[in-house]
> 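I'd like to ask you about the structure that follows.
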Amino acid sequence: MTDLHLYGHPDSGHACKVALALSLAGLAHRTTRIDIWAAPETRPADFLAVSPLAEVPVLVIDGTPVFQSGAILMELAQRFAVLGGDTPEGLRRGREILMWEGNRIGLCLPQLKEARRIGSGGLPPDVIAWLTARFEVDRNNFDRLLGAAEFLHGAAPGIGDCAVWGYVQWLEEAGVTPSDKMRRWGEAMRALPGMKAPEAFFPS
Ligand SMILES: N[C@@H](CCC(=O)N[C@@H](CS)C(=O)NCC(=O)O)C(=O)O
């Protein structure tokens, strides 16, 4: 059986993407919670040894570390033929949604959420306005990508849904609102048997 060890933190949407994929795919794994608010050099030595940028998530697969949430999701889908990875079409869809999320939603939502976190330095109003305007474009495009399907991969969720979930789970915290389609998709995601709250993915 493959040994899977995930390093993450509940405040990291990137780590939640991977934790959700492992959970939905039913892949047994261990997790270690890394304090992402502590100075990087104070993080545990075993984590620093496998994380080239001292960031979460890192998934160690049979001793081989993989970093970058999108790369980890693709690795899981391909290696275990899960979450779209069982067909060429599902894999292509996954790659497309991952690239879109990383360049679009993955740019604006983490920044908007962080700007509103108590204790953060915030961001200038014109930067907030720019990020919000970008999100509004992304929200429209999410609707186009979802179409009439329940999930971005169709009738069942795939790695693309996991990627988008990472930060769309925190729209309220980011100070933005979902479209009707995005809200319904969020409800369908929350109802999935493998879904957990961030704290449950990375208990302290
Ligand atoms: N592009 C990376 C982003 C990873 C990232 O930004 N991780 C953050 C938490 S969301 C982190 O570890 N921050 C701690 C630090 O940079 O010291 C991915 O997709 O995995």
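Every value quoted in this text rests on a predicted model; they were computed, and no experiment measured them. In listed order, ligands and their atoms are each counted from 1.
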> Regarding atom 5 (C) of ligand 1: of the candidates Ile36, Ile72, Val56, Leu73, which has the closest heavy atom?
Val56
> Over 60° means perpendicular and under 30° means parallel, so classify the ring planes of Phe142 and Trp100, tilted if in between.
tilted
> Which of the atoms in ligand 1, numbered in the order shown and given with their element, are less than 4.0 Å from a heavy-atom of Ser12?
9 (C), 10 (S)
> Among Leu22, Leu83, Leu24, find the one that has a side-chain contact (heavy atoms from CB on, under 4.5 Å) with Leu76.
Leu22
> Find out whether Arg33 and Pro10 are in side-chain contact, i.e. whether some heavy atom of one side chain is under 4.5 Å from a heavy atom of the other.
yes
> Just jot down the ligand 1 atoms closer than 4.0 angstrom to any heavy atom of Tyr167, in number order.
10 (S)
> Which one of Ala163, Gly8, Ser69, Gly70 has a non-hydrogen atom at the shortest distance from atom 20 (O) of ligand 1?
Ser69
> Under the side-chain contact (heavy atoms from CB on, under 4.5 Å) rule, what do Trp165 and Trp170 come out as? Steps first, then yes or no, please.
CA-CA 9 Å; Trp165 177 255; Trp170 287 314; over 6 Å; no
> Is there side-chain contact between Ile61 and Asp3, with heavy atoms separated by less than 4.5 Å?
no
> Below a 4.0 angstrom heavy-atom separation, can you tell me which part of Tyr7, side chain or backbone, both or neither, approaches ligand 1?
neither
> Looking at side-chain heavy atoms only, is the closest gap between Leu48 and Arg43 below 4.5 Å?
yes
> Answer side chain, backbone, both or neither: which part of Arg43 comes under 4.0 Å from ligand 1, heavy atoms only.
side chain
> In ligand 1, which numbered atoms sit nearer than 4.0 Å to a non-hydrogen atom of Gln68?
1 (N), 2 (C), 18 (C), 19 (O), 20 (O)
> For ligand 1, indicate whether the residue Glu55 contacts it via side chain, backbone, both or neither (heavy-atom separation under 4.0 Å).
both
